[in-house]
Amino acid sequence: MKSYEVNFDGLVGPTHNYGGLSYGNVASQSNSQQSSNPKEAALQGLAKMKALMDMGFQQGVLAPQERPDVAALRRLGFAGSDAQVIQQAAKEAMPLLVASCSASSMWVANAATVSPSADTADGRVHFTAANLNCKYHRSIEHPTTSRVLGAMFANQQHFAHHAALPAVAQFGDEGAANHTRFCRAYGEAGVEFFVFGRSAFDTRYPAPQKYPARQTLEASQAVARLHGLREEGVVYAQQNPSVIDQGVFHNDVIAVGNGEVLFYHEDAFLETDKMLAELSSKLAKVGGKFQSVCVPRSAVTVDDAVRSYLFNSQLLSRPDGSMLLIVPEECRSNERVWQYLQGLTGSGGVIREVKVFDLKQSMQNGGGPACLRLRVALNETELAAVNPGVIMTASLYDSLTQWVERHYRDRMTENDLADPQLLLECRGALDELTQILKLGAVYPFQIN
Ligand code: SUG
């Protein structure tokens, strides 16, 4: 049976702004308070989806969330009408209003961890929504994420959904941003690679000194248990704490994998040789031949990787078995990175081509091409069971582009977030979106 990797990209929401909300994420902190352009952000994301679809890849779309999240503000004690809740928060606690307005759900690599059916005990595709417990503005995403994923992958014969892990730092889980799967073919059993930043219960593991390690070993292990993965099909590795302290807040900022290939920075992991040997022997047991492409620090520094997002790229398999790397424009403007990429594609190795995309609006908050997509490996039968409303087509692209043009502002600052009219605009837009994507009622304003 045919199988595919389907990339579901997060559609940028109408409140996209630079709130400076993510301590440890260099771009988010350095662009704090700048004015943003939500319309441009959404169109940049849609252009990437359309381009991948046109290249022959399977592409889907994941809906944004209702923001400002008035219900979240009410849980923090703000009261009255929706407009009063927003105005009171703006007056008394602006950082909380900004957090409740974040369009951060666009980075759907953090929406969930997904295990394909070939890896799981019950032969279904398993999803665990990420609790994103490290940052308040992201911790409020998972209930709606679960409803949206449930509406996209509704068929219970093929899809199993798990609620987010307990909402404490000890089970901090950032979803697929710290998870990669190696396989010979997408429909065959593979090796799932979980990368954690610290252990919450075992003090023998080192931890970063400056910035938080968002993913714990215990969270990764819980996800693997929930999904019914076999021990021989799982490898755990620890991120190098010193790169977290240099701004590598998710593993997908320093490594990316696809098929039988891991593309990573020399400083990405602890005990790299042991980890590579385990990946290689476990992949061999399911018939695969593991290959690694290490980028030496002498060619590209960790700082270059953090600024250019070289590793936050999409590594895609082409029909002839070679691979294509989708990188952000920032890679072309970094001389060392660009030079490295020229050498890489010219070397006769597996990665043959680089395609550059302008995702500046998202990049300024620390979200590159790989942050914007959630990968779901599906066989033909499972793909047919996905809600067809969320699969990208030329006509869906046109509808979504027109929808963005109709509803999105082209400039957003902190003052705009305090405008109660923004809530009404967003709800109107999202109500229409759920009809375009055939999701049914998924947002708090639709179900309460
Ligand atoms: O969680 N930025 C996101 C970026 C997520 C990137 N995802 C992956 N690497 N997979 C984060 O730090 C910034 C929001 C703000 O500051 O307005 C933010 O949430």
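Nothing here was measured: the structure is a model prediction, and the numbers come from that model. When a ligand or atom number is given, it counts from 1 through the structure's own listing order.
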With a cut-off of 4.0 Å, which atoms of ligand 1 are near a heavy atom of [X]?
X      : result
Ser28  : 13 (C), 15 (C), 16 (O)
Ala109 : 10 (N)
Gly20  : 15 (C), 16 (O), 17 (O)
Gly366 : 4 (C), 6 (C)
Asn110 : 5 (C), 6 (C), 7 (N), 8 (C), 10 (N)
Ala177 : 10 (N)
Arg214 : 1 (O), 11 (C), 12 (O)
Asn17  : 17 (O)

Report yes if some heavy atom in the side chain of Val376 is under 4.5 Å from a heavy atom in the side chain of Phe127; otherwise report no.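 Yes, their side chains come closer than 4.5 Å.
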Do Glu260 and Arg184 come close enough that some side-chain heavy atom pair is under 4.5 Å?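 Side chain of Glu260 against side chain of Arg184, heavy atoms only: contact under 4.5 Å found.
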Would you say the rings of His162 and His227 are close, in the sense that their centroids are separated by under 6.0 Å?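 Between His162 and His227, which both carry aromatic rings, the centre distance is below 6.0 Å.
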Tyr205 and Phe196: aromatic ring centres closer than 6.0 Å?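 Between Phe196 and Tyr205, which both carry aromatic rings, the centre distance is below 6.0 Å.
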Once salt bridge (charged side-chain N to carboxylate O under 4.0 Å, His left out) is applied, what residue pairs with a partner in residues 242-255 remain, sequence neighbours excluded?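 Every candidate salt bridge (charged side-chain N to carboxylate O under 4.0 Å, His left out) pair involving residues 242-255 fails, so no pair, neighbours aside, qualifies.
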Between Arg138 and ligand 1, which part of the residue brings a heavy atom under 4.0 Å of the ligand: side chain, backbone, both or neither?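 Within the 4.0 Å criterion, Arg138 contacts ligand 1 through side-chain atoms alone.
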Report the part of Asp252 in contact with ligand 1, treating N, CA, C, O as backbone and CB onward as side chain, heavy atoms under 4.0 Å; options are side chain, backbone, both, neither.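 For Asp252, the contact with ligand 1 is made by the side chain alone.
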Do any N/O atoms on [X] end up under 3.5 angstrom from N/O atoms on ligand 1?
X      : value
Gly19  : yes
Asn25  : yes
Leu21  : yes
His137 : yes
Ser104 : no

Hey, does Glu174 sit under 4.0 Å from ligand 1 if you only count heavy atoms?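 Not so, Glu174 does not reach ligand 1.
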Take every heavy atom of Gln29, measure it against each atom of ligand 1, and state whether any distance is under 4.0 Å.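 Outside the 4.0 Å threshold, so no.
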Please list, chain by chain and in numerical order, all residues satisfying salt bridge (charged side-chain N to carboxylate O under 4.0 Å, His left out) with Asp303, sequence neighbours excluded.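 Only Arg307 meet the salt bridge (charged side-chain N to carboxylate O under 4.0 Å, His left out) criterion with Asp303.
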If the test is ring pair (Phe, Tyr, Trp, His ring centres under 6.0 Å), which one of Phe249, Tyr211, Tyr136 qualifies with Tyr23?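 The residue from Phe249, Tyr211, Tyr136 that satisfies ring pair (Phe, Tyr, Trp, His ring centres under 6.0 Å) with Tyr23 turns out to be Tyr211.
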Describe, in one word, how the ring planes of Phe290 and Phe182 are oriented to each other, choosing from parallel (under 30°), tilted (30 to 60°) and perpendicular (over 60°).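 Phe290 and Phe182: perpendicular rings.
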Assign the ring pair Tyr18 / His16 to parallel, tilted or perpendicular, where the plane angle (0 to 90°) is split at 30° and 60°.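 Plane angle over 60°, so perpendicular.
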The one among Ser22, Ser32, Ala176, Ser362 that brings a heavy atom closest to atom 11 (C) of ligand 1: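 Ranked by closest heavy atom to atom 11 (C) of ligand 1, first place is Ser22.
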Checking side-chain polar atoms at under 3.5 Å, does Asp173 have a donor or acceptor matched by the opposite partner on Asn131?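 Asp173 vs Asn131: no donor-acceptor pair found between side chains.
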Answer with yes or no whether the side chains of Arg352 and Thr345 bring together a donor and an acceptor at under 3.5 Å.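 No, Arg352 and Thr345 have no side-chain donor paired with an acceptor closer than 3.5 Å.
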Looking at Phe357, does the NZ or CZ of Lys48 lie under 6.0 angstrom from its six-membered ring centre and within 45 degrees of the ring axis?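 Here Lys48 fails the 6.0 Å and 45° test against Phe357.
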Shortest protein heavy-atom distance from atom 8 (C) of ligand 1, along with the residue and atom involved: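 Ranking protein heavy atoms by distance from atom 8 (C) of ligand 1, first comes Cys371 SG, 2.8 Å.
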Of the protein's non-hydrogen atoms, which lies at the shortest distance from atom 15 (C) of ligand 1, and what is that distance?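 Minimum-distance protein heavy atom for atom 15 (C) of ligand 1 reads Asn365 OD1, 3.2 Å.
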